[in-house]
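Notes for the one structure printed next.
One is the number of the first residue; the rest follow in order along the sequence.
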Amino acid sequence: MKLQHYVLAVGPSLLLAGVCLLIPLLATIIPTFFTPSFSLSSYIDFFSDSFFRTIFYRSLRLSLLTTLITIIIGLPTSYYISLRREKTRRLLLSLIMFPLLTNAVVRGFAWISILGRNGIINQFFLSLGIIDEPLKLLYTDFAIVIGSVYLFLPVMISTLTSVMVGIGEEVLEASYSLGCSPSKTFFKIIIPLSFYGLVIASVLVFSGTISAYTTPTLLGGNQNMMLASLLYQQSNTLSNWSTSAVIAFIMIVVSMGVMKLFNLLAGKVDRRGEKDV
């Protein structure tokens, strides 16, 4: 294809993407660095504020914790699903993806009915005499992590399963023929070969968790705000657009930093070639 044909074919799409995505993003972020001359004062003020700093650290901590839990649960689950027949695999993946088909508000209120003072868990423990009064499970960091894991675990499992299915049965047969047990095959062969898929899934889970609004707001409340909740408060409630832009850019930088970190880790684990996420 000649260059001019390529430009005519791709140019309009790139121009539309630039107008609709890149220009508004730059128009929002660039003013945060000029007050009116170039300065980082907006970001220094953000991290100097103990309230903002607490929310930032909480968001980072809970997002990393959610990612770690989904990895621990998702790896063996994906491996199990990848070994099933195609029909069974499709059925299991359909069931796992079901939470993503449910409205976020419905999911949030479902967890409220489970974790609340009069929820299923507290009523169960009270009936057994394990506790004398209801536990505070709702409006805590614990509730945010539980809701986030429930929300993003399907993303981790579906991504890893598609990667593990592509490894091929001959690799497993070769491993077994050389005397490796199923557990050793999983840790020594399956995980390294699917590590780039794990990186992609981890980035999706982390980025989704740190930018999620509905689940942390419903389950965490105003006392356990995340960055997305703070962004909504500053923009829609307080009309503080400069601080909102600072928060948005911080979320972008953190997500990109974690993506690069995972990518470097993947390069250490898998030496077969250099790849970028």
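- In this structure a side-chain-to-backbone donor-acceptor pair under 3.5 Å is present from N122 to L135.
- Under a hydrophobic-cluster definition in which Ile, Leu, Val, Met, Phe, Trp and Tyr are linked whenever side-chain heavy atoms come within less than 4.5 Å, directly or via other members, I112 and L151 are assigned to different clusters.
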*asked:* What verdict does the side chain to side chain contact (heavy atoms under 4.5 Å, CB included) test give for I252 and L25, after you've listed the backbone C-alpha separation in whole Å, the side-chain angles of each residue and the deciding distance to 0.1 Å?
replied: CA-CA 11 Å; I252 294 173; L25 181 63; 3.7 Å; yes

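- With side-chain heavy atoms closer than 4.5 Å counting as contact, directly or through intermediates, the hydrophobic cluster containing Y213 also holds Y232.
- Cluster membership check: I247 shares its hydrophobic cluster with F34, using side-chain heavy-atom separations under 4.5 Å among Ile, Leu, Val, Met, Phe, Trp and Tyr.
- For the pair V199/M259, no side-chain contact is recorded, criterion being any heavy-atom separation below 4.5 Å from C-beta on.
- Formation of a donor-acceptor pair under 3.5 Å by the S194 side chain with backbone atoms of G197 is not found in this model.
- Formation of a donor-acceptor pair under 3.5 Å by the T237 side chain with backbone atoms of Q234 is not found in this model.
- Few gaps surround CG on N103; more than 12 heavy atoms of other groups in view lie less than 6.0 Å from it.
- Rounding to the nearest 0.5 Å places CD1 of I191 at 10.5 Å from OG of S78.
- Taken to the nearest 0.5 Å, the CZ atom of F52 stands 9.5 Å off from the CD1 atom of I250.
- Taking 4.5 Å as the limit, some side-chain heavy atom of L198 sits within range of a side-chain heavy atom of F195.
- Distance check, rounded to the nearest 0.5 Å: CG of L230 to OG of S59 gives 8.0 Å.
- Around CZ of F47, the count of heavy atoms belonging to other residues, nucleotides or ligands within 6.0 Å exceeds 12.
- Within 6.0 Å of the CG atom in N236, the count of heavy atoms belonging to other residues, nucleotides or ligands exceeds 12.
- Considering only heavy atoms from C-beta on, S242 stays 4.5 Å or farther from T32 through its side chain.
- Ring geometry, W111 versus Y150: the interplanar angle exceeds 60°, so the pair is classed perpendicular (tilted spans 30 to 60°).
- Taking the ring centroids of Y43 and F33, they lie under the 6.0 Å cut-off.
- Formation of a donor-acceptor pair under 3.5 Å by the S127 side chain with backbone atoms of Q123 is found in this model.
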*asked:* Between T66 and F206, does the side chain to side chain contact (heavy atoms under 4.5 Å, CB included) criterion hold? Intermediate values first, please.
replied: CA-CA 7 Å; T66 299; F206 178 86; over 6 Å; no

*side-chain hydrogen bond (donor to acceptor under 3.5 Å, both in side chains) between T161 and S82: does it pass, once the steps are laid out?*
CA-CA 6 Å; T161 300; S82 67; over 6 Å; no

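- Put simply, the side chain of I30 does not reach to within 4.5 Å of the side chain of F249, judged on heavy atoms.
- Scanning all heavy atoms of the two residues, the minimum distance from M97 to S158 falls at SD-CB, 3.8 Å.
- Shortest non-hydrogen contact noted between T28 and P31 is O-CD, 3.6 Å.
- Residues L204 and F152 have side chains not in contact (no heavy-atom distance under 4.5 Å, counting atoms from C-beta outward).
- Side-chain contact between K87 and R90 is absent, with no heavy atoms from C-beta onward closer than 4.5 Å.
- Heavy-atom minimum distance, S235 versus W241: CB-CZ3, 3.4 Å.
- The number of heavy atoms from other shown groups lying within 6.0 Å of CZ (R53) is above 12.
- Of the possible donor and acceptor atoms, one in the side chain of R58 sits under 3.5 Å from a partner among the backbone N and O of M225.
- In this structure, the separation between CZ on F125 and CG on D132 is 13.5 Å, given to the nearest 0.5 Å.
- Follow the hydrophobic side-chain contacts under 4.5 Å out from L115 and you reach L126 in the same cluster.
- The CG atom of L219 lies 10.0 Å from the OG1 atom of T214; values are rounded to the nearest 0.5 Å.
- Summarising the geometry of T54 relative to S50, their closest heavy-atom pair is OG1-O, 2.8 Å, with the distance given to 0.1 Å.
- The two residues Y139 and N224 have their closest heavy-atom pair at O-ND2, 2.8 Å.
- Between the side chain of T70 and the backbone N or O of T67 there is at least one donor-acceptor pair closer than 3.5 Å.
- Taking OG of S175 as the start and CD1 of I167 as the end, the distance is 11.0 Å to the nearest 0.5 Å.
- No continuous path of hydrophobic side-chain contacts links V205 to I146 [ILVMFWY only; heavy atoms under 4.5 Å].
- Using a distance-only test at 3.5 Å, with no hydrogens or angles considered, no donor-acceptor pair links the side chain of T243 to the main chain of N240.
- A pairwise comparison of heavy atoms in T140 and L137 identifies OG1-O, 2.6 Å as the closest pair.
- With no hydrogens or angles considered, no side-chain donor-acceptor pair links T209 and S63 at under 3.5 Å.
- No path of Ile, Leu, Val, Met, Phe, Trp and Tyr side chains, each step under 4.5 Å between heavy atoms, connects L68 with L160, placing them in separate hydrophobic clusters.
- Within the 4.5 Å cutoff, the side chain of I200 has no heavy atoms near those of the M156 side chain.
- For the pair L75/F186, a side-chain contact is recorded, criterion being any heavy-atom separation below 4.5 Å from C-beta on.
- Its side chain within the 4.5 Å cluster rule, I69 clusters with L62, L65, I73, Y80, I81, L92, L93, I96, I144, V145, V149, L153, I157, M226 among the Ile, Leu, Val, Met, Phe, Trp and Tyr residues.
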